[in-house]
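Here is how names work: the chains are called A, B, and so on, in the same order as the sequence lines, proteins then strands, and each is numbered from 1.
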2 protein chains.
Amino acid sequence: MTDFLPPIQTTARDDAVLKALAGFVRQEALGPGEKLPTERILAERLKVSRNTVREALTRWEGLGLVERRQGSGTYLKAAVSPDMLHMPLTLSGGNDFAGLMRTLEIRRALEAEAAALCAIRGGKAEIAEIERKLDIMEDAFRTRAGMSSEEDWEFHQAVYRASGNPLFEQIISAMHELFHRFWEHPLGVRDFGHASFPYHRTIFDRIAAHDPDGARAEALKLIATVEDDLKRGAANLKLSDRR
Amino acid sequence: MTDFLPPIQTTARDDAVLKALAGFVRQEALGPGEKLPTERILAERLKVSRNTVREALTRWEGLGLVERRQGSGTYLKAAVSPDMLHMPLTLSGGNDFAGLMRTLEIRRALEAEAAALCAIRGGKAEIAEIERKLDIMEDAFRTRAGMSSEEDWEFHQAVYRASGNPLFEQIISAMHELFHRFWEHPLGVRDFGHASFPYHRTIFDRIAAHDPDGARAEALKLIATVEDDLKRGAANLKLSDRR
DNA sequence: AGTGGTTCAATGGTCCAACCAATTTCTGCA
DNA sequence: TGCAGAAATTGGTTGGACCATTGAACCACT
């Protein structure tokens with residue numbers, strides 16, 4: 001039975017508002033950080049109520065596309081285009097060990113693939129940029145005795161960018177934020193990330209040699225060390241805090 | 001219905017509303033498909049305006065946690081718990097060929113990892129479920145001469161579920177939607193997906209044998225055939241439609 | 001019993017007109 | 001000129017109203 005009858009669509013005010021707004025952003029070539037019209041103006045221009053405008057903007061805010069600052073205005077936080085795919089991921093119980101391990105499984109898959117693609121497609125400029133970040137990171141690691149998480153992250157981002165596929169950076173960035181929320185609840189492992197340090201250079205070497213399989217293997221080793229650190233942290237946590 | 005729902009305190013109203021609602025859902029042990037209190041009741045119990053309740057629910061709706069049906073009510077679409085983490089991803093630009101190829105690169109990484117994890121962790125029940133979906137799909141393929149995309153998709157979903165990590169299903173589902181948007185613009189390849197057919201059973205065989213590396217390898221072969229189909233479709237498209 | 005139409009209450013969707021709170025901008029005094 | 005305070009701007013919240021859709025109850029007719 002293939003009687004295909006899609007549901008009819010009668011009203012979709014706020015969706016229409018978002019569509020119009022996306023068109024406006026495109027028209028005015030607005031980029032991240034720029035301010036978009038006030039709610040009152042939008043309501044008047046689009047001939048809808050300010051409430052409707054608010055519902056639409058609330059959706060964009062929930063998607064992280066926009067930031068509202070009371071008394072100031074509403075600002076773009078990311079590039080928006082009329083053809084966007086929204087992918088709201090929900091991780092239940094994300095504050096626990098199992099949740100972190102699940103994100104790490106995703107990251108393992110993506111990190112390895114990104115490194116391999118990078119080895120295949122990385123041009124001279126991209127590889128030079130990665131090496132620059134690597135040098136910065138190694139320097140920070142030495143001078144600050146291991147606390148180089150920010151520089152570490154920048155190195156990885158450079159790899160994702162050089163993969164030629166922006167989706168890698170987008171997805172892994174979201175997971176990175178997740179990790180940071182966890183760090184606020186610091187788990188007793190003081191030297192977290194130490195073990196992963198040497199693999200950054202080995203990954204870079206394989207990328208620079210345009211060796212996809214080697215890059216993938218080194219990336220997997222790096223993730224494995226992070227998993228070990230996480231397991232150690234979980235063991236510590238079990239003995240102390242329970243919130 | 002016990003009158004749980006204590007009044008709200010101050011500042012960050014809608015966030016507080018969501019927190020209270022999440023607590024309420026847990027208290028009442030509500031699951032997907034169940035109806036939650038009407039906006040007017042929530043507004044009264046939480047001592048906030050109905051508009052504030054609406055903004056909060058709009059956020060949940062945008063995250064796919066809840067579905068609102070005018071004239072009927074608001075219903076849960078997924079399990080919610082007070083400690084949830086959300087990672088809204090917006091992937092820009094996916095309507096063109098290059099965009100599709102980018103999503104396929106992500107899918108290649110995830111599909112392979114999911115198959116491998118499934119081979120490691122899949123229990124008897126999960127594997128039996130996968131086999132059931134596989135039989136249905138093969139049957140549909142034979143009787144309908146290749147048009148088995150729906151059953152095909154259900155097979156893959158069963159694999160993601162058996163991986164023990166719900167993130168695989170969430171991420172790849174979003175990409176699957178993207179593909180469907182593209183199929184609406186059908187590209188001239190009539191036998192799209194034919195080439196991938198045999199690999200479904202080989203993937204299953206490796207999973208059932210608890211052979212992670214074999215499962216990963218077969219999954220990669222499957223994705224490779226899809227990439228080929230897509231390239232052929234792009235070549236066709238270049239000669240005809242340009243939208 | 002069942003079919004179709006009508007009524008009616010419940011519910012989400014939209015609108016309006018205020019007011020509050022945070023921020024920015026302007027103004028006038030020292 | 002410098003800066004503190006007033007005024008305007010802007011998002012956040014409120015309360016009340018009405019519209020559109022839904023679903024259940026009811027009713028008439030076959």
Taking T52(B) for the side chain and V48(B) for the main chain, is one N or O donor matched with an acceptor at less than 3.5 Å? no
Can you tell me if the side-chain N/O atoms of T52(B) get under 4.0 Å from OP1 or OP2 in dT14(D)? yes
Shortest non-hydrogen pair, K77(B) vs G64(B), comes out as CB-O, 3.7 Å
Atom CD1 of I41(A) and atom P of dA8(D): how far apart are they, to the nearest Å? 17 Å
R161(A) and E126(A) ion-paired at < 4.0 Å: no
Send over the distance from L57(A) CG to dG11(D) C1', rounded to a whole Å. 10 Å
Whole-Å distance between dG15(D) P and E44(B) CD? 11 Å
Assign each of L36(B) and V53(A) the nucleotide of DNA chain C bearing its closest heavy atom; nearer the 5' end lies the nucleotide of L36(B)
Would you say dA22(C) has OP1 or OP2 under 4.0 Å from some side-chain N or O of R69(A)? no
Consider the side chain of E39(B), meaning its heavy atoms from C-beta on, and name the nucleotide among dG13(C), dG15(D), dT10(D) that approaches it most closely. dG13(C)
Please determine whether a side-chain nitrogen of the Lys or Arg among E129(A) and R132(A) lies less than 4.0 Å from a carboxylate oxygen of the Asp or Glu. yes
To the nearest angstrom, the CZ-P distance between R54(B) and dT14(D) comes to 15 Å
Looking at dG23(D), dT11(C), dC16(C), which one has an atom nearest to any side-chain atom of N51(B)? dC16(C)
Do you know the tightest heavy-atom contact between S163(B) and F168(B)? OG-CD1, 3.6 Å
Between protein and nucleotides 19-21 of chain C, what N or O pairs are separated by less than 3.5 Å?
{"unit_1": "dA21(C)", "atom_1": "N3", "unit_2": "Q70(A)", "atom_2": "OE1", "d": "2.9"}

Here the distance between atom P of dG12(D) and atom CG of L18(B), to the nearest Å, is 14 Å
Just by modelled atom types, is the V159(A) backbone N or O under 3.5 Å from a matching donor or acceptor in the K133(A) side chain? no
Please report the distance, rounded to the nearest Å, between NZ in K47(B) and P in dT13(D). 18 Å
Please determine whether a side-chain nitrogen or oxygen atom of T74(A) lies at a distance below 4.0 Å from atom OP1 or OP2 of dG11(D). yes
Using heavy-atom distances to pick each residue's nearest nucleotide on DNA chain C, tell me which of E55(A) and Y75(A) is more 5'. E55(A)
Would you tell me if any nitrogen or oxygen in the side chain of R13(A) comes within less than 4.0 Å of OP1 or OP2 on dC15(C)? yes
Taking the six-membered ring where the residue is Trp, are the ring centres of H156(B) and H200(B) under 6.0 Å apart? yes
